[in-house]
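These notes concern the structure reproduced below.
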Number of protein chains: 2
Amino acid sequence: MRIRTAKDLGLLAREQRKRRGWGQAELAERVGVSRQWVVAFEGGKPGVELGLVLRTLHELGLELEIGGGEQSGGAPALESAVDLDALLERARRTDP
Amino acid sequence: MRIRTAKDLGLLAREQRKRRGWGQAELAERVGVSRQWVVAFEGGKPGVELGLVLRTLHELGLELEIGGGEQSGGAPALESAVDLDALLERARRTDP
DNA sequence: CTTAAAAGTCAACGATCGAAGACACTGCGC
DNA sequence: GCGCAGTGTCTTCGATCGTTGACTTTTAAG
């Protein structure tokens with residue numbers, strides 16, 4: 001899932017937490033933050049600290065991936081081949 | 001690229017900034033933060049605020065993607081079909 | 001080699017954070 | 001309807017943030 005805002009991320013984290021059957025208090029304990037912090041993060045608070053966010057995502061089994069990175073001045077070099085195996089492998093990991 | 005720590009992310013942001021030929025001051029101005037913040041972020045400071053991080057990544061043309069999300073208790077339900085077109089489309093957006 | 005640009009570092013300050021504690025509200029099983 | 005678990009919200013407080021300004025060090029252009 002593409003993330004652009006803190007709200008996007010918070011929503012995703014909440015969904016994943018529920019999928020795991022955890023309450024906010026349980027997640028907070030696992031991560032080592034206060035429950036209030038979890039509430040704020042899930043609510044999309046932009047001021048939350050990056051390190052805690054990363055730890056929380058890890059605890060939720062969510063993986064952060066950065067893509068993009070085109071040169072500012074023009075089109076990126078074209079890949080000459082499409083690696084279907086790699087695509088499938090990634091899809092398997094992302095949308096099991 | 002897989003991101004686990006604030007340090008990972010900061011390094012990547014620095015590389016991308018350099019690739020674009022921008023100085024820290026220029027990036028700071030584009031994002032609307034102080035140069036000191038850019039220095040701190042690139043240096044991997046975990047306390048930096050998520051909202052500013054996301055804005056910075058966007059300005060650098062980096063896309064944030066979240067994957068993973070397996071059920072905690074067992075194997076996820078298997079999809080019966082693989083949508084190659086969707087996979088390719090997503091790959092095109094993520095790794096152009 | 002010289003000099004300017006870029007990057008690193010330090011300090012002060014008002015704003016905000018995260019934690020702890022607690023109360024209010026919601027959802028659900030019995 | 002009642003009770004309990006989960007979630008939302010409020011307050012206080014010490015710690016940290018991001019900004020501004022400025023000085024130092026490193027890098028790169030000429």
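Here is the naming used below: chain letters follow the sequence lines, and residue numbers restart at 1 for every chain.
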Can you check nucleotides 12-14 of chain C for protein contacts, nitrogen or oxygen pairs under 3.5 Å, and list what you find?
none

Item to check | Smallest separation among heavy atoms of B:Arg17 and B:Trp22, with atom names | outcome: NH1-O, 2.9 Å
Next on the checklist: Within residues 33-55 of chain A, which residues have any heavy atom lying less than 4.0 Å from an atom of DNA chain D?
Outcome noted: A:Arg35, A:Gln36, A:Val39
Item to check | Where A:Gly47 and B:Glu49 come nearest, the two heavy atoms and their spacing | outcome: O-CB, 3.7 Å
Next on the checklist: What is the separation between atom CD on B:Gln24 and atom C1' on C:dT9, rounded to the nearest whole Å?
Outcome noted: 12 Å
Checklist entry - From the 5' end of DNA chain D to its 3' end, which nucleotides mark the outer limits of contact with chain B, defined by a 4.0 Å heavy-atom distance cut-off (strictly under)? => result D:dC17 to D:dA22
Checklist outcome for this item: One should read off an interatomic distance between B:Leu52 CG and B:Phe41 CZ, to the nearest 0.5 angstrom, of 9.5 Å
Checklist entry - Is a donor on one side and an acceptor on the other found under 3.5 Å between the side chain of A:Lys7 and the backbone of A:Gly43? => result yes
Checklist outcome for this item: Heavy-atom nearest pair, B:Val33 first then B:Arg55, reads CG1-NH2, 4.5 Å
Checklist outcome for this item: B:Leu60 and B:Gln16 have their tightest heavy-atom pair at O-NE2, 2.9 Å
Checklist entry - Do any side-chain nitrogens or oxygens of B:Arg14 fall under 4.0 Å of OP1 or OP2 in C:dA6? => result no
Checklist entry - To the nearest 0.5 Å, what is the distance between CG (A:Asp8) and CG (B:Leu54)? => result 8.5 Å
Item to check | Minimum-distance pair of heavy atoms, taken over all atoms of A:Val48 and A:Trp37 | outcome: CG1-NE1, 3.6 Å
Checklist entry - Does the B:Arg2 side chain pair with the main chain of A:Glu63, one donor and one acceptor, at a distance under 3.5 Å? => result no
Checklist entry - Are the side chain of B:Glu65 and the backbone of A:Met1 linked by a donor-acceptor contact shorter than 3.5 Å? => result yes
